[in-house]
Amino acid sequence: MGKNKNRRDFLKTAGFIAGSAFLVTGMNACNSSGNRRKTTVRKKMTLKFKPYELQLKHAFTLASGSRTTTPVMLTEIEYDGITGYGEASMPPYLGESHESVRKFLSKADLSRFNDPFLIADILEYIDGLAPGNYAAKASVDIALHDLVGKLMQQPWYRIWGFNPEHTPDTSFTIGIDKPDVVREKTREAAPYNILKVKLGGGNDRKMIENVRAVTDKPLCVDVNQGWKDRGEALEMIHWLKEQGVVFVEQPMPKTAVDDIARLTQESPLPVIADEAVQTMDDISKVFGVYSGVNIKLMKCGGMRAAHQMALTAKGLGMKVMFGCMTETSCAVTAAAQLSPLADWADLDGNLLISNDVFDGLKVVDGRVVLPDRPGIGVVPR
């Protein structure tokens, strides 16, 4: 089937798959309704939130800049004595802040709902409060999923019907830095089976050579839109393949659609969209341009949207990767509930900070291991 016909058929196919994603979630919730706490009193939900600042173990340097902290907002939804936990992480490029998230969440009145199982209705209401604000919306979505999973007494991977034995390895991120620091970070990453190296800072070959001085493990690279010339990008990708790299993430600016489409066609490695894909609406834009998509809860608005995006992308034959920001174990473990769907995972955001306030997923022999606890599976420390 040609590329043009694939594009013409996209909306019909995507609509069917997204609808199926909703039906699967709904059917599982209905089938597990016997686990609900029975009550004759009409309960109300309450939303609480508080700002928090994550401290990074190392300066986090990308092609676009460097930072040592990340602001987050921690959320709680309480219902009938049970609390669901959520989180909004706000790296600078998302354009959200403590103040913007506080302003958004202050508009949310969950007391108007007396049934947390009405996930679609509740999240439609949250989405309608204001455009954008996806990290803020994700913080409500995650807390709501955690709450409902606890009411059902099941983890979300089981509600969705995923096998926890099918979780992938997670990559561990090596940021752009001085040669000795890069080698130190690489040595610290010894427990991981694949490393993600940040490129685009003008010293890409040196970055790879410094990592390769310490390890011969498979690598993936994230350029964060740092390459501008398609010919040079293709030459670099051929060299990276020789260095044991398995895929390239967002090599060029997301606006360079034609160049990226041709680069993907000629590349010996899969080319994955990150900044170019945010929500479900963007799948149509990257289909036929990239080999796959990196889905992040903070970009798309939470677990429900990520679930729909992943099923749609996989139905179209695209590779699926689940990523994260620098986050506590709360948001990372929420994303990990979807990881059995993934071709690749980059769920290490909690491992890059020194002040995590939750216990959740584990990484054992380099692989994501999901907690066997209800909801998203996290507990406060």
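Given the structure is predicted, the values throughout are model-derived calculations rather than measurements.
A salt bridge does not link E209 with R212: every distance from a Lys NZ or Arg NE/NH1/NH2 to an Asp or Glu carboxylate oxygen is 4.0 Å or more. Using a 4.0 Å cut-off between charged side-chain N and carboxylate O, D282 and K299 make no salt bridge. Taking a cutoff of 4.0 Å between a charged side-chain nitrogen and a carboxylate oxygen, D372 and R158 qualify as a salt bridge. Of the charged side-chain nitrogens involved, at least one lies within less than 4.0 Å of a carboxylate oxygen, so that R262 and E266 count as a salt-bridged pair. Ion pair D141/R304 not flagged as a salt bridge, since none of the NZ, NE, NH1 or NH2 atoms sits closer than 4.0 Å to an Asp/Glu carboxylate oxygen. Ion pairing between a basic and an acidic side chain is recognised when a charged N comes within 4.0 Å of a carboxylate O; D146 and K150 show such pairing.
A donor-acceptor contact under 3.5 angstrom links the side chains of R67 and T326, judged on distance only. In the model, Q250 has a side-chain atom that pairs as donor or acceptor with a side-chain atom of Y290 under 3.5 Å.
A search for salt bridge (charged side-chain N to carboxylate O under 4.0 Å, His left out) contacts involving D204 returns nothing, not counting sequence neighbours. Not counting sequence neighbours, the partners of K241 by the side chain to side chain contact (heavy atoms under 4.5 Å, CB included) test are P268, L269. Residues passing the side chain to side chain donor-acceptor pair (under 3.5 Å) test with E188 are H58, sequence neighbours excluded. Remark: D229 engages E232 in a side chain to side chain contact (heavy atoms under 4.5 Å, CB included) (not counting sequence neighbours). Applying the side chain to side chain contact (heavy atoms under 4.5 Å, CB included) rule to A130 yields the partners F104, K107, N133; only residues at least two apart in sequence or on another chain are considered. Here E53 pairs with T69 under the side chain to side chain donor-acceptor pair (under 3.5 Å) rule; sequence neighbours left out.
In this structure, OG1 on T173 lies 5.5 Å from CG on L352, to the nearest 0.5 angstrom. N350 CG to M325 CE: the interatomic distance, rounded to the nearest 0.5 Å, is 14.5 Å. Atom-to-atom distance recorded for L199:CG and I176:CD1 is 7.0 Å, nearest 0.5 angstrom. Taking CD1 of I126 as the start and CG of D109 as the end, the distance is 9.5 Å to the nearest 0.5 Å.
Note: W160 and H145 have tilted aromatic rings, judged against thresholds of 30 and 60 degrees for the angle between ring planes.
The shortest distance between side-chain heavy atoms of T83 and K48 does not fall below 4.5 Å. At least one side-chain heavy atom of Q337 sits less than 4.5 Å from a side-chain heavy atom of P155.
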